[in-house]
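I have placed the structure first, in the form of structure tokens, so that the comments after it can refer back to it.
Within every chain, numbering begins at 1; the chains are lettered A, B, ... in the order of the sequence lines, protein sequences first and strands thereafter.
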2 protein chains.
Amino acid sequence: MVLSRTSQYAVQALIYIATQPPGEPVLNRDIADRLNVPSAYLAKILQNLCKQGLLDSFRGRLGGFCLREGMHKTSLMQVLTLTEGPAFSKNCILGLKECSDATACPMHFKWVPVKKKILAMLEDMTLEELAKAVQTGKYRLADLPTGALA
Amino acid sequence: MVLSRTSQYAVQALIYIATQPPGEPVLNRDIADRLNVPSAYLAKILQNLCKQGLLDSFRGRLGGFCLREGMHKTSLMQVLTLTEGPAFSKNCILGLKECSDATACPMHFKWVPVKKKILAMLEDMTLEELAKAVQTGKYRLADLPTGALA
DNA sequence: ACTCCTTAGGATATCCATGTCCGATTATAT
DNA sequence: ATATAATCGGACATGGATATCCTAAGGAGT
């Protein structure tokens, strides 16, 4: 419901990176281990986030990924627009190509206000905030299976 | 966002059937034409809805599909529970297997109230209502491409 | 220079939702 | 009985998201 696996991985990874000391690159492998996610696949996702300007990457020793300057304030909406594509917030719930106030599907006027709530929530949450929440230890970024301790 | 193609087809088809005179079977081919949807695939979906008890089917001449007695009052939530599976309303937005008030992901407490709105909306809308809305002519059940007139 | 460690990126594999095809089955009309 | 018209159900095809593999390129330490 709502998010692709790719987006879920991306958000988890970005939050995790945001919890780490800024400027110190984080290894793809470490993120993958921590989130219990396939590392080769995660690498693709992180590389994409680099191209999109959210992350910086460094090769070689002491390499890794870190949030680009100023990107701690990035909202989830911005992230998802990158990972799900720009049409993310515009789709009709019934899948109609044309569905607006003028040409509405039968669910349109009930769906629009609900969608607004979803988008508002996504606009509201920033990586920084979410990272802080995780740092309190009250919230969990991934399932336990592997190593439960950080 | 939110619904699979299968669910979209199912909902569209059910609404369309609900707009037709009750007791008179509707042809799969007619529905597919009207909704501009692949008919062989739609047939599978309708057959499934039969097994699930929402529709009745009749073979041979004068055959087709019609809403089972009393199913006009079915909510979208009920439909989607059938087409998306029972976990539809229970998934964590970040994809965690375990995510509850007790073991929450960092989005959990912001997401839950929004999800409640979505589910409430889906519980609220019935096939009957949606069908009536379509019958006013103010709403559109499918894109135009094929035959615009009903 | 050399080695080691990391990301970059292309090629390939797998999985699943979606979509197609065809023959079997069932019901009606003549 | 036969022809016709529709669903039923299994097998198969396709495409895109997900996942893996391998080599190249780049940076740090010795």
Inset, instruction - Go through residues 47-55 of chain B and report each residue with a non-hydrogen atom lying under 4.0 Å from DNA chain C, sorted by number. - result: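 Output list: empty, so none.
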
Determine whether a donor-acceptor pair (N or O, by modelled atom type, separation under 3.5 Å) exists between the side chain of [X] and the backbone of [Y].
{"X": "B:Asn28", "Y": "B:Phe65", "result": "no"}
{"X": "A:Glu84", "Y": "A:Leu3", "result": "no"}
{"X": "B:Lys115", "Y": "B:Asn91", "result": "yes"}

Legend entry - Divergence of helical axes at both termini of the helix from C:dA1-D:dT30 to C:dT30-D:dA1 - five pairs an end, 10° steps: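 Axis angle across the helix from C:dA1-D:dT30 to C:dT30-D:dA1, nearest 10°: 0°.
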
Inset, instruction - Might you point out which heavy atoms bring A:Pro25 and A:Gly63 nearest each other, and give the distance in Å? - result: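 For A:Pro25 and A:Gly63, the tightest heavy-atom pair comes out as CB-O, 3.4 Å.
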
Which pairs would a plain distance check flag for residues 38-49 of chain B, meaning a side-chain donor or acceptor within less than 3.5 Å of a matching protein atom at least two apart in sequence or in another chain?
unit_1	atom_1	unit_2	atom_2	d
B:Tyr41	OH	B:Thr6	OG1	2.6
B:Asn48	OD1	B:Gln52	NE2	3.2

Inset, instruction - Examine C:dT6: is either OP1 or OP2 under 4.0 Å from a nitrogen or oxygen in the side chain of A:Ser57? Give yes or no. - result: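 For A:Ser57, the contact criterion (side-chain N or O under 4.0 Å from OP1 or OP2 of C:dT6) is not met.
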
Inset, instruction - Please check the phosphate of D:dT18 (OP1 and OP2 only) for any side-chain N or O of A:Thr6 closer than 4.0 Å. - result: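 Affirmative; the distance criterion is met.
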
Specify the separation, in whole Å, of atom [atom1] of [X] and atom [atom2] of [N].
{"X": "A:Ile45", "N": "C:dA8", "atom1": "CD1", "atom2": "P", "result": "14 Å"}
{"X": "B:Glu84", "N": "C:dT18", "atom1": "CD", "atom2": "C1'", "result": "14 Å"}
{"X": "B:Asn28", "N": "D:dC8", "atom1": "CG", "atom2": "C1'", "result": "12 Å"}
{"X": "B:Asp56", "N": "C:dA27", "atom1": "CG", "atom2": "P", "result": "13 Å"}
{"X": "B:Arg29", "N": "D:dC8", "atom1": "CZ", "atom2": "P", "result": "15 Å"}
{"X": "A:Asp30", "N": "C:dT7", "atom1": "CG", "atom2": "C1'", "result": "14 Å"}

Inset, instruction - Would you check if A:His108 and A:Leu96 make a side-chain contact, meaning some heavy-atom pair closer than 4.5 Å? - result: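 Of all side-chain heavy-atom pairs linking A:Leu96 with A:His108, none is under 4.5 Å.
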
When the side chains of residues 8-21 of chain A are checked against the rest of the protein, which donor-acceptor pairs come out under 3.5 Å, sequence neighbours left out?
unit_1	atom_1	unit_2	atom_2	d
A:Gln8	NE2	B:Ile93	O	3.3
A:Gln12	NE2	B:Leu94	O	2.8
A:Thr19	OG1	A:Tyr16	O	2.5

Inset, instruction - Go along nucleotides 19-30 of chain D 5' to 3' and tag each nucleotide: B for a protein heavy atom under 4.0 Å from its base, S when only backbone or sugar atoms are that close, - otherwise. - result: BB----BBBSS-

Inset, instruction - Under the salt bridge (Lys or Arg N to Asp or Glu O under 4.0 Å) rule, collect the residues that match up with B:Lys73, sequence neighbours excluded. - result: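 Counting only residues at least two positions away or on another chain, B:Lys73 forms a salt bridge (Lys or Arg N to Asp or Glu O under 4.0 Å) with B:Glu128.
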
Inset, instruction - Under 4.0 Å between any heavy atoms, over every strand shown, what does B:Leu27 touch: base, sugar-phosphate, or nothing? Just pick one. - result: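 Since only primed, P, OP1 and OP2 atoms lie under 4.0 Å of B:Leu27, the category is sugar-phosphate.
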
